A.B. asks: 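Before I ask anything, here is the structure I am working with.
None of the values given here were measured: they were computed from a predicted structure.
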Amino acid sequence: MTTPAHPSHAMPEHELPCTSDSLPHQLFHGTTWHSRLLPNVHKFVYPYRYWGVNISALAAGQALPEVDTAGFGKRQRLKGLPLFSTGKKALQQFYPDDYLQGISQSSRSQELNSLSENNNPNDTKKSLDVNAKTSEKSNNRVPNLTSYQDLEQRLHQAFMTHAGSAPSGDMLGLVVCRNVGIYFSPVNFYLGFNEQQQPTHLLAEVSNTPWNKRHYYGFLLDGTDTEFCHDKDFHVSPFNPIDQLYRWQVKVKQQPDNCLQVRIAIDISDERGEVLKTGIKMSGVPMTEATVRDSLRKNPLMNMTSLTRIYWHAFKLYAIKKVPYINYDEKLADSKQQQAANKKDSV
């Protein structure tokens, strides 16, 4: 299945009207699981939340709710800190500059190259100075419509670069927000749709926790249920080698209220067989003041607990279950895991 790229003269997506057929902003609740089979068994399942932001609608002016602390409960109340916001620090804050970092650098470089070719050197220097000042202030600026449109353009570019085309309909992000000013997300997912709101694209924004790097995987979807395989090309876990195969299973179904059910599973294998099964299964509800309050009442500090759990399970694998550490980008044949397996076989 191939979705045509947007022509260069097409109206920017942020100028498209937001219609009743658009997907709503959603709160996704469900579970994330991790089932390691080799070299030692290790499993866990945890509740998880994604903020389902319709980035196309956001860029067109459909705002996210602003939720203060009123009625949240005295014991869980944080003085002066909103529960959810886009414009200021909050218990959970959606900040567009946290997502798709580096995607816009290529387009900005092309813009600067164009300036240097068509304008005089003084104009180019002014542009560079403005960009430098903007970069310095980017971590502190209050998001506005332009910053949402920039995010939409970065997402459009990311789909073009990593999936070969861009969606013709809505683009929805399943993202983790800042928690009391701290941003952390192992993976964000972005779904693209056609004009009939059928899923056509998937982009995964993957972070490897200890090394603080990001990588993008982009795919075309064949409707509501798609499977595909590819070689791993980004080191994520210090307990998995780089020469592995990823098999994705992606299911996206629309519910009667126009919200989505999403299941994304990844089976990871290498020459030893199936090594790891991981994924998410989520159901969306409309993002309203009431649903935000209810979600944060149940799980106010998800980012911090997620990071703690990652290191806790890494400790258990290494110190308790004695799974050998694998160096960055190391192949299985060169790793201590293979050495341990060879030693075990020889005995």
A.B. asks: Might you work through the side chain to side chain contact (heavy atoms under 4.5 Å, CB included) test for V292 and S295, ending with a clear yes or no?
C.D. replies: CA-CA 5 Å; V292 169; S295 179; 5.9 Å; no

A.B. asks: In Å and rounded to the nearest 0.5 Å, what is the CG to CD distance from D243 to E330?
C.D. replies: 9.5 Å

A.B. asks: Between V180 and M304, is any pair of side-chain heavy atoms under 4.5 Å apart?
C.D. replies: yes

A.B. asks: Set out, in order, the CA-CA distance, both residues' side-chain angles and the distance that settles side chain to side chain contact (heavy atoms under 4.5 Å, CB included) for R49 and H29, then state yes or no.
C.D. replies: CA-CA 5 Å; R49 173 180 60 227; H29 298 101; 4.1 Å; yes

A.B. asks: Taking I326 as the starting point, is it possible to reach F239 by hopping between hydrophobic residues whose side chains are less than 4.5 Å apart?
C.D. replies: no

A.B. asks: Which value, rounded to the nearest 0.5 Å, describes the distance between H42 atom NE2 and L37 atom CG?
C.D. replies: 12.0 Å

A.B. asks: Report yes if some heavy atom in the side chain of E66 is under 4.5 Å from a heavy atom in the side chain of P82; otherwise report no.
C.D. replies: no

A.B. asks: Going by heavy atoms in the side chains, are F189 and L172 under 4.5 Å from each other?
C.D. replies: no

A.B. asks: In this structure, would I266 and V206 fall into the same cluster of hydrophobic residues linked by side-chain contacts under 4.5 Å?
C.D. replies: yes

A.B. asks: Taking the six-membered ring for Trp, are Y328 and W211 parallel (under 30°), tilted (30 to 60°) or perpendicular (over 60°)?
C.D. replies: perpendicular

A.B. asks: Tell me whether F184 shares a hydrophobic cluster with F84, the cluster being built from Ile, Leu, Val, Met, Phe, Trp, Tyr side chains joined at under 4.5 Å.
C.D. replies: no

A.B. asks: H235 side chain to S237 main-chain N or O, any donor-acceptor pair under 3.5 Å?
C.D. replies: yes

A.B. asks: If the test is side chain to side chain contact (heavy atoms under 4.5 Å, CB included), which one of I280, V175, L174 qualifies with F28?
C.D. replies: L174

A.B. asks: Kindly compute the distance separating CG (L27) from CG (D294), expressed to the nearest 0.5 Å.
C.D. replies: 9.5 Å

A.B. asks: Is the shortest side-chain heavy-atom distance between L220 and F228 below 4.5 Å?
C.D. replies: no

A.B. asks: Would you say the side chains of N188 and R214 form a donor-acceptor pair under 3.5 Å?
C.D. replies: no

A.B. asks: Quick one, E152 with S56, criterion side chain to side chain contact (heavy atoms under 4.5 Å, CB included). Give me CA distance, side-chain angles, the key distance, then yes/no.
C.D. replies: CA-CA 6 Å; E152 182 193 36; S56 302; 4.0 Å; yes

A.B. asks: Parallel, tilted or perpendicular for Y50 and Y48, by the 30°/60° rule?
C.D. replies: perpendicular

A.B. asks: Return yes if some donor-acceptor pair links the side-chain N/O of K321 with the main-chain N/O of Y318 below 3.5 Å, else return no.
C.D. replies: no

A.B. asks: Does a salt bridge link R154 with D150, judged by any charged N lying under 4.0 Å from a carboxylate O?
C.D. replies: no

A.B. asks: Can you check whether H25 and F94 have ring centres sitting under 6.0 Å from each other?
C.D. replies: no

A.B. asks: Let me know which of L221, N194, L191 forms a side chain to side chain contact (heavy atoms under 4.5 Å, CB included) with P199.
C.D. replies: L221

A.B. asks: When you group the ILVMFWY residues by side-chain heavy-atom contacts below 4.5 Å and let the links chain together, are I182 and L83 in the same group?
C.D. replies: yes

A.B. asks: Rounded to the nearest 0.5 Å, what separation is found between the CZ atom of R272 and the CG atom of L332?
C.D. replies: 4.5 Å

A.B. asks: Between S269 and E274, do the side chains contain an N or O donor and an N or O acceptor separated by less than 3.5 Å?
C.D. replies: no

A.B. asks: With hydrophobic residues grouped by side-chain heavy-atom distances under 4.5 Å, do Y246 and L276 end up in a single group?
C.D. replies: yes

A.B. asks: Rounded at 0.5 Å granularity, tell me how far OG1 in T305 sits from CH2 in W312.
C.D. replies: 15.0 Å

A.B. asks: Do other residues, nucleotides or ligands put more than 12 heavy atoms under 6.0 Å from K281 NZ?
C.D. replies: no

A.B. asks: Distance only, no hydrogens: is a donor on one side chain within 3.5 Å (strictly under) of an acceptor on the other, for Q338 and N342?
C.D. replies: yes

A.B. asks: Looking at F44, does the NZ or CZ of K316 lie under 6.0 angstrom from its six-membered ring centre and within 45 degrees of the ring axis?
C.D. replies: no

A.B. asks: Treating T278 as the side-chain partner and W33 as the backbone partner, does any N or O pair qualify as donor plus acceptor under 3.5 Å?
C.D. replies: yes

A.B. asks: Side-chain contact, heavy-atom cut-off 4.5 Å: F219 with V250?
C.D. replies: no

A.B. asks: Please report the interatomic distance CD(Q337) to CG(N240), rounded to the nearest 0.5 Å.
C.D. replies: 7.0 Å

A.B. asks: Side chains of H215 and N208: do they bring a donor and an acceptor to under 3.5 Å?
C.D. replies: no

A.B. asks: Does the side chain of Y190 come under 3.5 Å of the side chain of E205 through a donor N or O and an acceptor N or O?
C.D. replies: yes

A.B. asks: So H230 and Y217, would you call those rings parallel, tilted or perpendicular, with 30° and 60° as cut-offs?
C.D. replies: tilted

A.B. asks: Could you give me the CA-CA distance, side-chain angles and deciding distance for L91 and N179, then say whether side chain to side chain contact (heavy atoms under 4.5 Å, CB included) is met?
C.D. replies: CA-CA 5 Å; L91 182 62; N179 206 164; 3.9 Å; yes

A.B. asks: After noting the C-alpha distance and the side-chain angles of Y99 and Y183, does the key distance pass the ring pair (Phe, Tyr, Trp, His ring centres under 6.0 Å) rule?
C.D. replies: CA-CA 10 Å; Y99 312 107; Y183 173 77; 5.7 Å; yes

A.B. asks: Between K232 and D329, does any side-chain N to carboxylate O distance fall below 4.0 Å?
C.D. replies: no

